[in-house]
2 protein chains.
Amino acid sequence: MYSSELIKGTLKTIVLSLLAKRGRMYGYEITQCVKEETDGKIQLTEGALYPLLHRLEAEGLLETEKENIGKRVRKYYRLTESGNAEASSLVAEFQAFSKTINDLLHPFLLKPSYYA
Amino acid sequence: MYSSELIKGTLKTIVLSLLAKRGRMYGYEITQCVKEETDGKIQLTEGALYPLLHRLEAEGLLETEKENIGKRVRKYYRLTESGNAEASSLVAEFQAFSKTINDLLHPFLLKPSYYA
DNA sequence: TTTGATACATAAGAAACTGATGTATATTTG
DNA sequence: CAAATATACATCAGTTTCTTATGTATCAAA
């Protein structure tokens with residue numbers, strides 16, 4: 001499990017890029033998907049995720065549609081056009097940032113072969 | 001310039017690893033060094049840095065010594081033993097995290113050759 | 001039927017940063 | 001030489017965002 005500080009810094013990037021990848025997801029599904037795909041190393045809490053989804057919707061980056069599942073209502077989110085642009089932008093930023101940090105920490109770095 | 005959220009998430013990592021690399025630095029020097037080495041893409045603010053240095057010292061990760069430069073007092077920081085361990089640990093965590101995120105965002109990723 | 005999973009939401013408190021302000025010395029520049 | 005800029009520390013009100021807990025409700029499984 002990674003520190004919450006690291007996760008905080010990329011929470012928006014994770015959520016938006018996941019939606020870009022999968023098209024349409026609901027909140028609970030996002031938490032489960034991230035947990036599974038990272039082998040439990042990243043676990044989003046609902047208290048952090050739901051308010052974020054609401055903020056992103058308010059900012060016009062996400063759209064929602066409700067769907068009835070039995071007697072329950074499930075809320076699906078998908079990217080708007082600007083949400084899609086933002087997702088790409090955040091992913092590119094993370095990659096550049098990651099490289100910058102690695103350069104900065106250079107003497108600490110393990111050999112590139114490690115990442116192969 | 002990277003988003004403050006990304007920087008926040010790695011601020012401690014940056015500061016501790018820089019001290020591990022250079023042995024001994026004072027606050028202002030850290031801001032300038034990070035700015036130069038990242039071509040201005042990461043600019044630490046003093047309002048974020050000084051309180052962090054104080055916290056890290058209080059946690060026993062850093063030690064200080066004051067030095068008189070003319071009539072001014074300069075405060076040098078260096079890692080304690082546990083600070084050194086923490087630096088290594090945070091760098092390793094960042095690298096693993098970075099890989100995890102890249103895997104998660106996979107369809108967005110540029111080819112590994114990009115990073116060579 | 002009770003436990004755990006699914007699925008949403010909110011809110012008090014905590015943590016950390018932003019941006020401003022303050023103090024003071026040193027250097028550079030017009 | 002006066003003013004502006006750089007060096008160098010520090011603090012703080014306000015903001016943002018997360019943590020942790022709580023709340024509601026349905027559904028499946030034991």
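These figures come from a predicted structure and were not determined experimentally. Hydrogens, waters and symmetry mates are skipped; everything else that's a heavy atom, side chains included, is used. Quick note on labels: first sequence line is chain A, next is B, and so on, each numbered from 1.
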Given [options], identify the nucleotide with an atom nearest to the side chain of [X].
X: A/A48; options: D/dA10, D/dT19, C/dT6; answer: D/dT19
X: A/E46; options: D/dT19, C/dA7, D/dC9; answer: C/dA7
X: B/Y28; options: D/dC9, C/dC8, D/dT11; answer: D/dC9

Check: Quick one: does A/T13's side chain get under 4.5 Å of B/L105's, heavy atoms only?
Finding: yes
Item checked: Side chain to side chain, A/E67 and A/R24, heavy atoms closer than 4.5 Å -> yes
In whole angstrom, what separates [X]'s [atom1] from [N]'s [atom2]?
X: A/L6; N: C/dA15; atom1: CG; atom2: P; result: 18 Å
X: A/Q43; N: C/dA5; atom1: CD; atom2: P; result: 13 Å
X: A/L44; N: D/dT20; atom1: CG; atom2: P; result: 14 Å
X: B/Y50; N: C/dT23; atom1: OH; atom2: C1'; result: 13 Å
X: B/M25; N: D/dC9; atom1: CE; atom2: C1'; result: 16 Å
X: B/I30; N: D/dC9; atom1: CD1; atom2: C1'; result: 13 Å
X: B/L53; N: D/dA8; atom1: CG; atom2: P; result: 14 Å
X: B/Q32; N: D/dT5; atom1: CD; atom2: C1'; result: 13 Å

Between the side chains of [Y] and [X], is the shortest nitrogen-to-carboxylate-oxygen separation below 4.0 Å, so that they form an ion pair?
X: B/K75; Y: B/E29; answer: no
X: B/K21; Y: B/E37; answer: yes
X: A/R78; Y: A/E57; answer: no

Is it the case that the side chains of [Y] and [X] hold a donor-acceptor pair, with the cut-off being a distance below 3.5 Å and no angle test?
X: A/T100; Y: B/Y2; value: yes
X: B/S98; Y: A/S98; value: yes
X: B/Q43; Y: B/T31; value: no

Check: Starting at the 5' end of DNA chain C and moving along, which residue's nearest nucleotide shows up first, A/E5 or A/Y26?
Finding: A/Y26
Please tell me if [X] has a side-chain N or O lying less than 4.0 Å from either OP1 or OP2 of [N].
X: B/T45; N: C/dT18; value: yes
X: B/K75; N: D/dA10; value: yes
X: B/H54; N: D/dC9; value: no

Margin query: Using a heavy-atom cut-off of 4.0 Å across all strands, would you classify B/G47 as base, sugar-phosphate, or nothing?
Written below: base
Next item on the list: Name the nucleic acid region contacted by A/L11, choosing base, sugar-phosphate or nothing; use a 4.0 angstrom heavy-atom cut-off, strictly under.
Entry: sugar-phosphate
Notebook entry, point to check: Between residues 55-74 of chain B and DNA chain C, which residues have a heavy-atom gap below 4.0 Å?
Noted result: B/R55, B/G70, B/K71, B/R72
Next item on the list: Tell me which of A/P51 and B/Y77 sits closer to the 5' end of DNA chain D, going by the nucleotide each one is nearest to.
Entry: B/Y77
